[in-house]
Amino acid sequence: MMNTEIIGIIAMFAITLVAALPLGKYIAKVYSGQRTFLDPVFNPIEKLFFKSSGIDATKEMNWKQHMIALLAINVVWFVLGMAVLLCQGWLPLNPDQNPNMTPDLAFNTIISFLVNCNLQHYSGETGVSYLSQLFLMFLQFVSAGIGLAAAAVLFNALKERTTEKLGNFYNYFIKSCTRILLPISVITAVILLWNGTPMTFNGKDTMTTLQGDTVQVSTGPAAAFVAIKHVGTNGGGFFGANSAHPFENPNYVTNMTEMVAQMIIPFAMIFALGFYLNRHKLSWMIFSVMTIGFLALAVPTIVTEINGNPAIAEMGINTTQGATEGKETRFGAAASGYWSIATTVISTGSVNSMHDSAMPLSGMNQLLAMMVNCFYGGCGVGILNFYIFIILAVFISGLMVGRTPEFLGKKIEAREMKISMIIALLHPFLILVGTALSTAFPEQGASTLNNPGFHGFSEILYEYTSSAANNGSGFEGLGDNNPWWNITTGIVLLLSRFLPIIGPIAIAGILAAKKHIPESAGTLKTDTATFGLMTFAVIAIIAALSFFPALTLGPIAEYFSMK
Amino acid sequence: MKNHILSGIKLTLVCIVFFAGVYTLFIWGIAQLAPNNGKGEIVTYKGKTYYSNIGQAFTAPKYFNSRPSAVNYNSAGSGGSNKGPSNPEYLAEVQKRIDTFLIQNPGISKSAVPAELVTASGSGLDPDISVQAAKVQVNRIAKIRAIEPQKLYQLIIENTQQPVLGLFGPEKINVLQLNIALDKLQS
């Protein structure tokens, strides 16, 4: 029986990989403006988009203009989103009569959906109206589109030529939404519909159970929402229990579908880079490093979850089902463990089991996945994060072998290194400062915990790690809907979204404007296994140095206390 | 910046119409062709309808019991206990559930009790249990309902859902379906 659970996981990975290759080719075509089979559908629609908003989508921009356009439209979304959430009780499409959000919760929620994180300090059933759900779903599309557009700018900047002009931001952004996110979401939603995910506007239903109790059943337009939630690596659940909820994820088929849906674009973007630049070996180098990192976290987690909770095994009962607390019978321990790492390496943050109840070492791996934040990574931003580590690795290996550090024909100098270091260190800085502050003030931190001791500390650490990684999953026992958590994580979310986009784009823009140096015998090759190993080492060393002490206080201490 | 804000506002409005409006209506339209018009799968028994995917609280000894739930199977909400694996309070509660189960099911050895029957699910609405979790309850139900245990084992076999294509995922039993079949045996 465990065997079919393992085969299920392998199938999910294999299907994603096989489907990501042609998708990568397609994405490269979309960004380089080549013809694709969806042109007849989307050309007129996109023309309408640009015409009605008065945008000239052919005007090329430099990297600064790209970033200004990106930030400007995010400001618009923030203001509009605050208005919707603060007034949802008075607005239409609210059959369950849910009230207006409090200002601090609305602040947190809007930022969290704006930055593709979807940390949710509310429950979908009681916290938002259907109108708000639809607005949040709109943000799930466009925030993923922003990440993809930023990656497209990076692709453009990596071409071997000297230029300041890096394509048009609005063009990349809209095409990402219409040509990439939308078709995959429609396919996903249809599969969900045929497996029992609801798509209705009727509001709560009342049902008398077979045993005679009366309960209410929350429903809603979930199928459309759950599809883009995964395709855009957003992760925000329609219902409180996210993809553990039997409506959001009714069976093993939907579980496989949602898993493929959330990993496919992060996979495909790596291959898209190869097709776009015609550097397939570079793609495979990046994919291999990421996959080794992913497996190094996923395999031990799956094994730990299958082995179950030793404290419960000690009570003398049958634990062959593995660690079952917080898990659904229809997925089993293996697929739950796999999902928990998949959702944390990419920045989805949807859950099909409760991470708070996972074994200590599984919790550590989930944390590590978000601390590294570039094994595949979120829609578009995964590649941006990895790019920073490539720059660092090029510089370090350049010094080691005594060559000028170059990447794709461009010399890396002090300015680029400074930006890389700031971005690489920003992530641990935000996580550790947030955790330290919440731990230092027990009335804000400790009083909101659901578990005592080391595990309680892990809950705090997890919340800031998830925020800084724009992930959105949580150790959900944490009582996080109060001004302290809403505001501090809101600030972390903002900083950790926009700086790690601006940083890599700035580097790429600066490099693109530099003189191109043709490859020679003295060039350090960056598409080899040796360089891959070097990049992996840089990632591992930065993560270990930054986070080992914090992990020791949380999951590692809990692990040893259970022995 | 000002120009970008202005065109940003216009583009936002078009995007909202398209991604929150057109896309939603399109999926809603397709839902009208889906099983039960996209309102969730249902089963009908004795003129009453139930959501087959939403777990129900089965606590009466004459039924196959469902798993513990952090939200008492009230599907106006959802969620798990979020108890950590080493939390002493939580472990004491699990121990208590084991003791209760053994009292309610005399003659069952402790090592036959599957962990899932004494631990809460992630959603609090888990509609399923494992085959082992159904089997350990057979003696109790057979006694209360005065049925041959053999018939109940047969019922479990008939209601076991195999892995997808026989290959992917665990086997499981939908508790509601099993209990409806159980009621049908005697009606």
Side-chain angles (χ1 to χ4, degrees), chain A residues 4-5 7-8 11 49 52-55 69 72-73 76 125 134 138 141 189 193-194 196 198-200 209-211 215-218 223-224 239-241 244-246 250 252-253 309 311-312 316-319 321 324-330 332 353-354 356 359 450-451 455 476-477 558 562, chain B residues 1 4-5 7-12 14-16 19-20 24 27-28 30-31 34 38-41 51 53-54 56 58 60 74-80 82-87 91 94-95 98 110-111 113-116 119 121-123 125-129 163-164 167-170 172 179:
Chain A
T4 56
E5 292 192 36
I7 296 171
F49 270 87
S52 48
S53 42
I55 288 169
I73 202 162
V76 174
E125 294 93 336
L134 293 180
F138 151 76
F141 269 104
L193 279 175
W194 258 262
M199 183 71 195
T200 161
T209 67
L210 188 62
Q211 202 181 263
V215 292
Q216 293 201 299
V217 182
S218 276
F239 301 103
H245 195 289
Y252 205 82
V253 174
N309 186 341
I312 290 183
I317 61 171
N318 174 348
T319 54
Q321 304 281 332
T324 49
E325 182 71 37
K327 292 193 180 58
E328 303 286 297
T329 308
R330 62 192 181 283
S353 67
M354 294 301 132
D356 213 346
M359 291 299 106
N450 191 42
N451 289 288
H455 195 87
E476 288 299 337
E558 188 186 9
M562 285 179 80
Chain B
M1 189 80 184
H4 284 298
I5 293 265
S7 39
I9 291 174
K10 288 186 216 154
L11 189 60
T12 299
V14 192
C15 283
I16 289 180
F19 293 112
T24 309
I27 301 298
W28 182 83
I30 296 176
K39 293 193 178 69
E41 271 173 29
Y51 289 95
N53 286 326
I54 299 289
Q56 301 184 1
F58 284 105
N74 183 355
S75 39
S78 58
N82 288 310
K83 295 292 185 198
S86 64
N87 185 335
L91 292 171
V94 172
Q95 183 63 56
I98 297 173
K110 210 192 221 180
S111 59
V113 181
E116 116 220 49
T119 52
S121 65
S123 63
L125 306 172
D126 193 342
D128 305 305
I129 53 174
V164 180
L167 282 175
F168 309 129
K172 63 190 167 92
N179 281 327

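Computed from a predicted structure; not experimentally measured.
- Judged as a side-chain hydrogen bond (donor to acceptor under 3.5 Å, both in side chains), and not counting sequence neighbours, A/Ser353 has no contacts.
- Atom CE of A/Met562 sits about 4.0 Å away from atom CG of A/Asn309, to the nearest 0.5 Å.
- Taking chain B as the reference chain and counting heavy-atom pairs below 4.5 Å, the highest number among A/Pro246, A/Gly240, A/Gly196 is found for A/Pro246.
- Of the atoms belonging to A/Glu558, it is side-chain heavy atoms, and not backbone ones, that fall under 4.5 Å from chain B.
- Note that SG of B/Cys15 is 6.5 Å distant from CD1 of A/Ile73, once rounded to the nearest 0.5 Å.
- Ranked by heavy-atom pairs shorter than 4.5 Å toward chain B, the options A/Ala72, A/Gly477, A/Ala189, A/Ala11 are led by A/Ala72.
- The greatest number of non-hydrogen atom pairs below 4.5 Å with chain A, out of B/Glu116, B/Glu41, B/Lys83, B/Gln95, is found for B/Lys83.
- In this structure, CG in A/Leu193 is found 7.0 Å from CD1 in B/Ile30, a value given to the nearest 0.5 Å.
- Note that CZ of A/Phe239 and OG of B/Ser123 are 11.0 Å apart. Values are rounded to the nearest 0.5 Å.
- Top candidate by heavy-atom pairs under 4.5 Å with chain A, chosen from B/Ser78, B/Ser7, B/Pro163, B/Pro114, is B/Ser78.
- Contact tally against chain B (heavy-atom pairs below 4.5 Å) for A/Gly316, A/Ala223, A/Gly54, A/Pro250: the top residue is A/Gly316.
- Residue A/Ile55 touches chain B through its side chain alone, counting heavy-atom pairs closer than 4.5 Å.
- If you tally non-hydrogen atom pairs under 4.5 Å between each of B/Asn179, B/Ile54, B/Asn74, B/Ile9 and chain A, the highest count goes to B/Ile54.
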**OP:** Could you walk me through whether A/Asp356 and A/His455 pass side-chain hydrogen bond (donor to acceptor under 3.5 Å, both in side chains), step by step?
**Re:** CA-CA 9 Å; A/Asp356 213 346; A/His455 195 87; 2.7 Å; yes
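- The ring-ring contact (aromatic ring centres under 6.0 Å, His included) search around A/Tyr252 returns none, not counting sequence neighbours.
- Residue with the most contacts toward chain B among A/Ala69, A/Ser52, A/Ala311: A/Ala69 (heavy-atom pairs, distance under 4.5 Å).
- Put simply, of B/Gly8, B/Ser86, B/Gly80, B/Gly79, the one with the most heavy-atom pairs under 4.5 Å next to chain A is B/Ser86.
- The choice from A/Glu125, A/Gln211, A/Gln216 that makes the most heavy-atom pairs within less than 4.5 Å of chain B is A/Gln211.
- B/Asp126 contributes no side-chain N or O that, together with a main-chain N or O of B/Ser121, makes up a donor-acceptor pair within less than 3.5 Å.
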